[in-house]
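One-based numbering, in listed order, for ligands and for the atoms of each. Since we're looking at a predicted model, the values are computed, not measured.
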Amino acid sequence: MSERIFNFSAGPAVLPVPVLEEAQRDMLSLPGVGMSVMEMSHRSKTFDEIIGKANEGLRDLLGIPDNYHVLFLQGGASLQFSMVPMNFLPADGTADYIITGSWGKKALKEAKRVGSINVAATMADGGFTRVPGQDELNLSPQARYVHITTNETIEGVEWKQEPDVNDVPLVADASSDILSHAISIEKYGLIYAGAQKNMGPSGVTLVIVRDDLLKRIPEGLHTMLDYRTHVENKSLYNTPNTWGIYIISLVCKWVKDKGGLAVMQRENEEKARLLYDAIDASGFYRGHADADSRSIMNVTYRLPSEELEKKFTSEATAQGLDGLKGHRSVGGIRASIYNAFPLEGVTALVSFMKEFERKNG
Ligand SMILES: Cc1ncc(COP(=O)(O)O)c(C=O)c1O
């Protein structure tokens, strides 16, 4: 098969075609360099320019102020579940965690190994269908940081506005909605995100960290687990994922050429609206998340039975609509519609849903 299908995978996920084409064109030899990005030293002048472009591209798109560092690490967002508390939760301190889904639970599990945690809110009882309101938060005044997951990829639940945490640093796992809309970086102490949804391939993790927080890091951490190592060495302490960083630089250029995050947000909202409207208009499909917490990246819904869900995903796959099976932990359907996912794919899914309901409803 040489034709591309509509790829609704939650991650690794669809990348912009112009990015893939450029990477393919320059695979054997980056113009004027005579080798591919994968084959060159991470200490070469060419790679220095590439990592510089990725850094500047992200700074420009997200409006990252000068007092924040941009790091390209490895170990996935999952390693950040540990690095955040190891660096910022001292033995005698407490951190607040707000749990709105499965990834927040995983972050919490690792943080508990490090120190004392206050669960400021958990939406588990309702089955993770929404984010809490400000009045539902039980924040501790002495917290070293407050951790949220801006978009829960599995449940399809997204914060529309950051919680108010006063002067406590807000730490966010933004793996599945980074670059999908504009955010105020100043509201955060640290943001981390695996690249493999909206930024590039797997194997590279973005960390954006405010400079003054580095002073709070305890001595004695393992070198690779200490954010200061990566700040001081500009993400080149050891060999980074050079290819991943290269693709991020191309994705940033693609987003910028399209008009930046305001345009991305408009397009993402439009795509999500089409799908949620189709769900709401039917008595057959049932959306998982409450309307005001619905993700614009991962649209989650159920059919009347698991049997029908199985039939739905297998028939959809046969029609070139791939990756719609919900995460194994919650079941149902999940349509991941990241930045690079085309509008035509969403309209194709909506038509398929209508036809499927007509035949099986
Ligand atoms: C919100 C969120 N956090 C963390 C992770 C884990 O990321 P990684 O596989 O990069 O460790 C994922 C992966 O899908 C995710 O969606």
Could you give the N/O to N/O pairs under 3.5 Å linking ligand 1 and the protein, each with its distance?
unit_1, atom_1, unit_2, atom_2, d
ligand 1, 3 (N), Asp173, OD2, 2.6
ligand 1, 10 (O), Ala77, N, 3.1
ligand 1, 10 (O), Gln196, NE2, 3.0
ligand 1, 11 (O), Ala77, N, 3.2
ligand 1, 11 (O), Ser78, N, 2.9
ligand 1, 11 (O), Ser78, OG, 2.6
ligand 1, 14 (O), Lys197, NZ, 2.7
ligand 1, 16 (O), Trp103, NE1, 3.3
ligand 1, 16 (O), Thr153, OG1, 2.4

Atom pairs and distances, side-chain donor-acceptor, residues 284-292, under 3.5 Å, sequence neighbours left out:
unit_1, atom_1, unit_2, atom_2, d
Tyr285, OH, Met353, O, 2.6
His288, NE2, Gly127, O, 3.2
His288, NE2, Phe128, O, 2.9

Please set out all donor-acceptor pairs under 3.5 angstrom arising from side-chain atoms of residues 74-88, sequence neighbours excluded.
unit_1, atom_1, unit_2, atom_2, d
Gln74, NE2, Thr239, O, 2.9
Gln80, OE1, Tyr227, OH, 2.5
Asn87, OD1, Tyr227, N, 3.2
Asn87, ND2, Met83, O, 2.8
Asn87, ND2, Leu225, O, 2.8

Do the charged groups of Arg294 and Glu269 touch, with an N to O distance under 4.0 Å? no
Hey, do the aromatic rings of Phe312 and Phe352 have their centres closer than 6.0 Å? yes
Taking only residues at least two apart or on different chains, which pairs with a member in residues 122-135 satisfy side-chain hydrogen bond (donor to acceptor under 3.5 Å, both in side chains)? Arg130-Glu136
Short question: side chain of Lys197, backbone of Ala10 - any donor-acceptor pair under 3.5 Å? yes
